[in-house]
Amino acid sequence: QVQLVESGGGLVQAGGSLRLSCAASGRTFSSYPMAWFRQAPGKEREFVAADTRLGGYTYYADSVKGRFTISRDNAKNTVYLQMNSLKPEDTAVYYCAQRPYYSGEFTIRNQDEYDYWGQGTQVIVSS
C-alpha cells in the first residue's frame, strides 16, 4: 500500500518562501514520477510541478515557473517543492501525487494518470 504524507505548509507573507516535503512509502520510490498539484478555495485542483524521475526532466505550470522548484531525494523517498517569491494567489492546499510511469510531456499534467495522492498541506500567503 502506497502512502504519501505531505508536510511543510503554513502561513507566510508575500515574497517569502516555504519548502514542502512529501514522504513516500509502499513501493520503490525511485521508479515513479512524482508531482505536486494544488487546489485553491472555490477552484479546481491544478497541476504545479512534476519530476519524471528521469534526470533533468521536470515540468512546471506557467504560473510558478522560475519561482518553484521540484526535486527528489531517492535515498529518503521524498519529493520536495521549494516555493520562493510567494504570492497571495499561491494560497491553496498542496497535494503530492505519484503515477505508475512517465508517458510524455503531454500527459504529465493529467491528474487522472496519478494513482496515489497525499492528504494535502495548507499554504496561506498573506499580502
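The shown structure was predicted, so the numbers you read here are calculated from the model rather than taken from an experiment.
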Shared ILVMFWY cluster between Ile108 and Trp36, side chains joined below 4.5 angstrom? no

Joint hydrophobic cluster, Leu18 plus Phe68, side-chain heavy atoms closer than 4.5 Å: yes

Does the side-chain contact (heavy atoms from CB on, under 4.5 Å) test come out yes or no for Asp115 and Val2, once each step is laid out? CA-CA 9 Å; Asp115 53 355; Val2 173; over 6 Å; no

Using every non-hydrogen atom in the two residues, find where Pro88 and Ser127 come nearest and quote the distance to one decimal. CG-CB, 3.8 Å

Begin with the C-alpha distance, continue with both residues' side-chain angles, and end with the deciding distance and a verdict on side-chain contact (heavy atoms from CB on, under 4.5 Å) for Thr91 and Gln122. CA-CA 8 Å; Thr91 295; Gln122 176 76 58; 4.3 Å; yes

Approximate separation, where rounding is to 0.5 Å, of Glu105 CD and Tyr59 OH: 4.5 Å

Check ion pair Asp90-Lys87 (N to O, under 4.0 angstrom): no

How many angstroms lie between CZ in Arg72 and CE in Met34, if you round to the nearest 0.5 Å? 6.5 Å

Has the side chain of Gln98 got a donor or acceptor atom that lies under 3.5 Å from a matching backbone atom of Leu4? no

Mark yes or no for whether Arg53, through its side chain, and Ser31, through its backbone, hold a donor-acceptor pair below 3.5 Å. yes

Shortest non-hydrogen contact between Thr52 and Pro33, atoms and distance: O-CG, 3.7 Å

Which residue is it: Glu6, Glu46, Glu44? I am looking for the one with a salt bridge (charged side-chain N to carboxylate O under 4.0 Å, His left out) to Arg38. Glu46

Over all heavy atoms of both residues, which pair between Thr78 and Ser21 is shortest? Give the atoms and the distance, please. CG2-CB, 4.2 Å

Say whether Leu81 and Val125 are linked into one hydrophobic cluster, either directly or through other cluster members, by side-chain heavy-atom distances under 4.5 angstrom. yes

Compare all side-chain heavy atoms of Met83 with those of Val48 and state whether any distance is below 4.5 angstrom. no

Check Tyr95, Trp117, Tyr94 against Phe37 for a ring-ring contact (aromatic ring centres under 6.0 Å, His included) and give me the one that passes. Trp117

Rounded to the nearest 0.5 Å, what separation is found between the OH atom of Tyr114 and the OH atom of Tyr32? 14.5 Å

Please say yes or no: joined through hydrophobic side-chain contacts below 4.5 Å, possibly via intermediate residues, are Tyr60 and Tyr102 part of one cluster? no

Quick check: closest heavy atoms across Phe47 and Ala61, and the distance to 0.1 Å? O-CB, 3.4 Å

What distance do Arg19 atom CZ and Ser7 atom OG have between them, rounded to the nearest 0.5 Å? 9.0 Å

Here the gap from Asn77 atom CG to Cys22 atom SG, rounded to the nearest 0.5 Å, amounts to 10.5 Å

Do Val64 and Ile70 land in one hydrophobic cluster if side-chain heavy atoms of ILVMFWY residues count as linked below 4.5 Å? yes

One should read off an interatomic distance between Gln1 CD and Arg27 CZ, to the nearest 0.5 angstrom, of 10.0 Å

Judged by modelled atom types alone, do Thr58 and Asp51 share a side-chain donor-acceptor pair under 3.5 Å? no

